[in-house]
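To keep things clear, I will list the structure first and then write my remarks on it.
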Amino acid sequence: MAEKPARVRIAPSPTGDPHVGTAYMALFNRALADKTGGKFILRIEDTDRTRYVADSEAQIFAALRWLNLVYDEGPDVGGPVGPYRQSERLPMYKEAADSLVKAGKAYRCYCTSERLEALRKIQTAEKTKHQGYDGLCRSLTPEQVAQNEREGKPCVVRLKMPSEGDIVIADKFRGTVSFPASDQQDAVLLKSDGFPTYHLANIVDDHAMGITHVIRAEEWISSLPLHHELYKAFGWEEPVFAHMPLLRNKDKSKISKRKNPTSLLWYRDAGFLPEAMVNFLSMMGFSMSGDREIFTYEEFLTEFDLGKVNLGGPVFNLEKLSWLNGEYVRKLSAEGLARRIYDHVKLLMGRERDFADLPDEELPKDTFLKDFEIKRRRWSRNLAELAPVIMRGYEHERDVFLRIMPLVAERLHTLSEAADYVPMFFVNEFALKPEDFAGKKTTPADAKKALLAMKEVMATIDFAHSGAKEALEDASRKKAEAMGIKIGDFFAPTRVAITGAKVSPPLIESMLVLGPSESMRRIDRAIALL
RNA sequence: GGCCCCAUCAUCUAGCGGUUAGGAUAAUGCCCUUUCAAGGCAUGUACGCGGGUUCGAAUCCCGCUGGGGUCACCA
């Protein structure tokens with residue numbers, strides 16, 4: 001793609017949690033900038049005062065940084081064509097709107113919202129051909145306008161849209177998209193509060209910031225005619241438009257909070273790795289040659305080409321993301337994974353309340369999502385609570401921490417799942433009841449017998465010896481056989497005694513990590529309980 | 001409903017006129033196995049329908065159907 005350096009941007013509005021769709025668009029924009037040696041810009045579109053959320057902007061910054069989808073220019077990093085926050089560019093929009101009015105390409109509209117609402121009602125009821133503003137104020141005489149102004153009537157500025165013919169606009173993916181002009185309405189450019197609408201600000205800024213390619217979500221296609229007419233009215237050159245498919249819920253509707261986790265904070269808190277997220281998002285609408293599914297951003301770049309984007313709306317499948325994340329976890333070195341777990345635990349520390357169980361009606365309906373969310377909350381709560389212990393383990397018993405990483409890694413999909421495998425090495429008090437030692441076909445009494453037998457076995461083993469693992473296993477098998485019980489039933493009570501749970505890392509290796517005295521201590525405690 | 005966009009397994013996708021329609025996730029079965037995983041092997045599952053064009057269509061064209069988006073002084 002030997003193209004000129006592109007200047008691209010994403011323009012999220014700070015109205016809530018940073019959205020996965022924002023990351024998706026950031027990725028493809030960042031890629032085009034990198035591919036062409038251009039710049040990727042972050043612009044905050046905060047022109048809606050009613051939906052403004054104070055810390056949303058900072059979270060967008062943080063989320064993009066987390067994903068390493070960094071921007072070259074933006075509100076917090078500056079740049080040559082700032083400010084990058086629309087609320088700080090208000091005079092420009094006002095001036096732009098005025099110039100359009102002066103040139104006769106836009107006009108002031110004094111219609112009240114009551115009239116507009118009534119109009120809308122009639123149009124819906126009668127199913128009139130033309131829906132939308134009827135252009136009443138377009139034909140106001142200069143005298144009437146002057147009169148309205150003297151009276152201080154609130155007004156908006158509307159663009160004069162053409163009413164005949166087709167509006168044809170180029171789209172990088174679709175060739176061309178065309179709309180009957182008669183369906184268009186004179187859209188509001190400047191609101192009565194003096195703030196611009198998205199459309200005005202967007203075009204003014206894209207032009208002022210030298211944006212060459214607008215890669216954005218498909219939901220914007222329908223405002224393409226307006227944007228096109230705006231560029232025409234200003235006499236500005238239009239950027240290349242490329243409308244990406246929308247991320248979808250399982251039912252194919254536009255991805256939404258109710259049906260899917262959409263907050264990037266959710267993914268971070270759940271323990272997804274940023275590089276896995278980026279990889280996964282890359283696969284939404286794009287595929288690498290040779291059936292490659294696991295690849296770095298750099299590898300993605302080598303093959304990235306807007307021409308290869310798939311237009312069908314991809315369903316965001318958490319199951320596959322979860323698998324992919326596991327693959328990334330397993331690619332990490334012991335040191336790398338340890339560090340990720342440490343950072344993750346630190347992130348969750350003290351946040352137990354964020355992860356309280358949800359009432360059933362607030363849980364997702366989809367069984368996988370529901371199940372995942374329940375487990376995720378449990379894991380997160382455990383980690384939040386045990387964070388100090390786990391962190392101390394990382395800081396002061398690094399050798400132990402590193403030794404267990406291989407045991408843990410192949411059991412993880414997300415970092416949070418470490419809650420099931422890591423704490424047992426650093427927590428030495430388990431709240432256990434005799435029933436916890438019972439199996440499907442075994443009683444606590446059977447468990448006690450097995451534990452006593454395990455003690456005998458352990459007494460014969462030199463934990464420090466390099467063959468300790470095999471020795472312990474062989475001896476255990478022989479013992480189990482001698483007792484006439486299955487090896488699984490022999491190990492099960494010890495597993496509970498050692499790890500505090502029925503599901504754990506491999507038992508023998510865990511015992512070796514803990515060492516003979518701690519292992520023995522845990523077994524003795526269990527025996528005492530039974 | 002009007003307008004617009006889209007269309008290969010359940011899902012993500014490969015395919016760009018001639019393939020036994022390939023891979024991955026998920027599912028199922030088997031193997032491995034001290035739990036849980038991970039891993040290995042195997043199986044089933046797709047070109048929405050109807051017309052063209054062509055010697056030949058998943059691939060090109062048209063229609064239908066289906067899905068989605070959008071119809072604000074929100075972005």
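In what follows, chains are A, B, ... by sequence order, proteins preceding strands, each numbered from 1. Nothing here was measured: the structure is a model prediction, and the numbers come from that model.
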From the candidates B/U25, B/C73, B/A14, the one with an atom nearest any side-chain atom of A/R120 is B/C73
Between B/C74, B/U70, B/C4, spot the one nearest the side chain of A/R51, thanks. B/C74
Salt bridge (charged side-chain N to carboxylate O under 4.0 Å, His left out) pairs, two or more places apart, involving residues 491-510 of chain A: none
Can you tell me which residue pairs pass the salt bridge (charged side-chain N to carboxylate O under 4.0 Å, His left out) test with a partner in residues 187-203 of chain A, sequence neighbours excluded? A/R49-A/D193
For nucleotides 45-49 of chain B, which of its nitrogen or oxygen atoms have a protein nitrogen or oxygen under 3.5 Å away, and what is each distance?
none

Test salt bridge (charged side-chain N to carboxylate O under 4.0 Å, His left out) applied to [X] - qualifying residues, sequence neighbours left out:
X	answer
A/K375	A/D371
A/R411	none
A/K94	A/D98

Restricting both atoms to N or O, compile the protein contacts to nucleotides 64-67 of chain B shorter than 3.5 Å, with distance only.
none

Using a cut-off of less than 4.0 Å, is there contact between a side-chain N or O of A/T197 and OP1 or OP2 of B/C73? no
Does B/A75 have its OP1 or OP2 closer than 4.0 Å to a side-chain nitrogen or oxygen of A/K191? yes
Sequence neighbours left out, what pairs pass side chain to side chain donor-acceptor pair (under 3.5 Å) with at least one residue falling in residues 166-175 of chain A? A/D171-A/R174, A/D171-A/H243
Rounded distance in Å between the [atom1] positions of [N] and [M]:
N	M	atom1	result
B/G63	B/U20	P	33 Å
B/A75	B/C36	C1'	46 Å
B/U59	B/C3	C1'	29 Å
B/G68	B/G50	C1'	23 Å
B/U28	B/C60	C1'	39 Å
B/C32	B/G39	C1'	8 Å
B/C6	B/C62	P	12 Å

What is the separation between atom CD on A/E327 and atom P on B/U25, rounded to the nearest whole Å? 8 Å
Does [X] have any side chain to side chain donor-acceptor pair (under 3.5 Å) partners at least two apart in sequence or in another chain, and if so, which?
X	result
A/S416	A/H344
A/S178	none
A/K153	A/N148

Does A/Y110 or A/K308 map to a spot on RNA chain B nearer the 5' end, using the closest nucleotide for each? A/K308
With RNA chain B as reference, determine whether A/I508 or A/N317 sits nearer its 5' end, using the nearest nucleotide of each. A/N317
Taking atom types as they are modelled, is there a donor-acceptor pair under 3.5 Å from the base of [N] to the side chain of [X]?
X	N	value
A/K320	B/A24	yes
A/S222	B/C71	no
A/D291	B/G22	yes

Near RNA chain B, under 4.0 Å by heavy atom, which residues of residues 403-416 of chain A? A/E410, A/R411, A/H413
For residues A/N279 and A/Y297, is any side-chain donor paired with an opposing acceptor at under 3.5 Å? no
Base, sugar-phosphate or nothing for A/C155? Non-hydrogen atoms, less than 4.0 Å. nothing
Remember a base hit wins even if backbone is also touched, and classify A/L246 as base, sugar-phosphate or nothing at under 4.0 Å, heavy atoms. sugar-phosphate
With both distances kept under 3.5 Å, what pairs with B/A27, Watson-Crick or G-U wobble? B/U43
B/C71 - base-pair partner by Watson-Crick or wobble geometry, distances under 3.5 Å: B/G1
